[in-house]
Amino acid sequence: MPSGREQISAAEVAVMPRLSSLAKLKYVSLGVLVLQTTSLVLTMRYSRMLPTEGPRYLASSAVVCAEVIKIIACTVLVFKDGSFSVQALNLVYREEIINKPWETLKLAIPAGIYTLQNNVLYVALSNLDAATYQVTYQLKILTTALFSVSMLSKKLGVYQWLSLLILMMGIAFVQWPSDSAAGPEKEELSTGSQFVGLLAVLVACFSSGFAGVYFEKILKQTKQSVWIRNIQLGLFGLIFGLAGMLAYDGEKVLEDGMFQGYNSVTCVVVLLQALGGLVVAAVIKYADNILKGFATSLSIILSTFISYFWLNDFDPTRLFFLGAVMVIAATFLYGYERKPVVSPSKI
């Protein structure tokens, strides 16, 4: 008769393939999230700096196109989950979206905020270098934590509050003005541009925190799949995006069309932005806060080096490196959880 130790070992061996598969999914989602975040920031910044002969592409148009692609991609995933059955797809749409108007309308709030956030990010990256933007945007951790405490009654530990304090200090160091010997006119323009970019990032941080916590609250109250929720978000995002495009860029659209200034780089930006919603959904499903911390931190490091060597729009200072290290440390610390100590008598 096998001993208890042998029985445990056999059970562990039986579970090993599944754990290995989940570990692979975690690492895949980590890699994709790092690449998507870094690529989006740098490509979006590059697309706004690229000299063009005609009119530059409209940020509002890019947001609308990204929403359309996200809806199509999520529909394909729901179609795949239904064994590629058109009847099953129609049934899901009818039961989960059409026959539940109130549940669908709940997504109008985060969809509108996400649409505002996506447009604001274009403004931020048009006035800030990619590395400064990427580190400053980590202030969304603070706003997310505050909204989690107020809306979800979430309790934060000592490590979480300490990480938020370190984060605030790191952001201050990143934004500390450098003593560059620039002319008065150039310095004034640069300061004004950075202020606009910083203000845009702050708006994006608060909107990201509120919309993310609101979306999390909805997901915990219902059993609908993440893909269905993304479709609902995309539908409202498309409506708000079209309204914003017509309101702010209506004359330009009527004059030169919706796709004015589009090129291969713009198409890559749109695809990466649409991919972001899918990647975040995958990370929520397979990953945790520590994995998100790895992805965010690696993305910051990659963005900093690529912005310096490729875009040539960033001159790092010692205070920036100190602030970047503090932000990375705060990101890891925020996702850190102490493991309970197991008593030797219980082993």
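Just so it is clear, the model here is predicted, and its values are computed rather than measured. All residue numbers in this chain count up from 1 along the given sequence.
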Apart from V203 itself, residues in the same hydrophobic cluster as defined by side-chain heavy atoms under 4.5 Å: L116, V120
Is there a path of hydrophobic side-chain contacts, each under 4.5 Å between heavy atoms, that joins F215 and L105? yes
Restricting to ring-ring contact (aromatic ring centres under 6.0 Å, His included), what partner residues turn up for F147, sequence neighbours left out? F210
Is it possible for you to say whether V86 and W227 belong to one hydrophobic cluster, with membership spreading through side-chain heavy-atom contacts below 4.5 Å? yes
Please, which pairs that meet ring pair (Phe, Tyr, Trp, His ring centres under 6.0 Å) have at least one residue in residues 53-82, sequence neighbours excluded? F79-F84
With sequence neighbours excluded, tell me which residues meet salt bridge (charged side-chain N to carboxylate O under 4.0 Å, His left out) with K106. E103
Consider only side-chain heavy atoms of I, L, V, M, F, W and Y, link residues closer than 4.5 Å, and tell whether L156 and L146 are in one cluster. yes
Check: L128 main-chain N/O paired with R45 side-chain donor or acceptor under 3.5 Å: yes
In short, A204 meets S207 closest at the heavy-atom pair O-OG, 2.9 Å
Any pair counted as salt bridge (Lys or Arg N to Asp or Glu O under 4.0 Å), so long as it reaches residues 67-82, sequence neighbours left out: E67-K70
Report the C-alpha distance between M258 and L58 in whole Å, list the side-chain angles of each, state the deciding distance to 0.1 Å, and finish with yes or no for side-chain contact (heavy atoms from CB on, under 4.5 Å). CA-CA 8 Å; M258 176 179 172; L58 303 176; over 6 Å; no
Criterion side-chain contact (heavy atoms from CB on, under 4.5 Å) on K217 and L152, from CA distance to verdict: CA-CA 7 Å; K217 187 175 183 180; L152 299 178; 3.7 Å; yes
Going by the rule ring-ring contact (aromatic ring centres under 6.0 Å, His included), which residues pair with F259 if we only count those two or more places apart in sequence or in a different chain? Y262
Note: S39 and T43 closest approach over all heavy atoms is O-OG1, 2.5 Å
CG of L235 to CD1 of I97: how many Å apart, nearest 0.5 Å? 6.0 Å
Partners passing side-chain hydrogen bond (donor to acceptor under 3.5 Å, both in side chains) against D256 (at least two apart in sequence or in another chain): none
Out of curiosity, L333 CG to I328 CD1, how far, rounded to the nearest 0.5 Å? 13.5 Å
side-chain hydrogen bond (donor to acceptor under 3.5 Å, both in side chains) partners for S225, two or more places apart: none
Are the side chain of S163 and the backbone of Q160 linked by a donor-acceptor contact shorter than 3.5 Å? yes
Side-chain H-bond candidate by donor/acceptor type, S47 with T266, under 3.5 Å: no
Using modelled atom types only, decide if a donor and an acceptor are shared between the side chain of Q260 and the backbone of K252 within a distance under 3.5 Å. yes
So CD of Q232 and CD1 of I71: to nearest 0.5 Å the spacing works out to 11.0 Å
So, do I218 and R229 sit near enough that their side-chain heavy atoms are less than 4.5 Å apart? yes
Out of curiosity, does V325 fall in the hydrophobic cluster containing L162 (side-chain heavy atoms, cut-off under 4.5 Å, transitive links)? no
E96 meets the side-chain hydrogen bond (donor to acceptor under 3.5 Å, both in side chains) criterion, sequence neighbours left out, with K100, Q224
I'd like to check the side-chain contact (heavy atoms from CB on, under 4.5 Å) partners of Y248; sequence neighbours left out, ordered by chain and number. none
Only counting residues at least two apart or in another chain, list the ones meeting ring-ring contact (aromatic ring centres under 6.0 Å, His included) with F206. none
I109 CD1 to I113 CD1 distance, which is reported to the nearest 0.5 Å: 7.0 Å
Counting neighbours of CE on M169 that are heavy atoms of other residues, nucleotides or ligands and sit closer than 6.0 Å, is the number greater than 12? no
A111 and G237: which non-hydrogen atoms are nearest, and at how many Å? CB-N, 3.7 Å
Roughly how far, to the nearest 0.5 Å, is CG of L42 from CD1 of I306? 5.0 Å
Quick one: list whatever passes side-chain hydrogen bond (donor to acceptor under 3.5 Å, both in side chains) with S148, sequence neighbours left out. none
Heavy-atom nearest pair, A124 first then G197, reads CB-O, 3.9 Å
Quick one: are Q36 and L40 in side-chain contact, heavy atoms under 4.5 Å? yes
Is any side-chain heavy atom of S208 closer than 4.5 Å to one of T143? no
Provide the closest heavy-atom pair for T144 versus V213 in the form atom of the first, atom of the second, distance. O-CG2, 3.6 Å
In this structure, would L35 and V269 fall into the same cluster of hydrophobic residues linked by side-chain contacts under 4.5 Å? no
Determine the minimum heavy-atom distance between T38 and S303, stating which atoms define it. CG2-OG, 3.7 Å
Please test V78 against Y93 for side-chain contact (heavy atoms from CB on, under 4.5 Å), starting from the C-alpha separation and ending with a verdict. CA-CA 10 Å; V78 173; Y93 263 93; 5.5 Å; no
When rounded to the nearest 0.5 Å, the distance separating OG of S60 from CG of D249 is 3.5 Å
Could you walk me through whether V253 and S61 pass the side-chain contact (heavy atoms from CB on, under 4.5 Å) check? CA-CA 9 Å; V253 171; S61 171; over 6 Å; no
Less than 4.5 Å apart, any side-chain heavy atom of L121 and any of V201? no
Give a yes or no on whether the backbone of R94 and the side-chain of N99 come within a donor-acceptor separation of less than 3.5 Å. yes
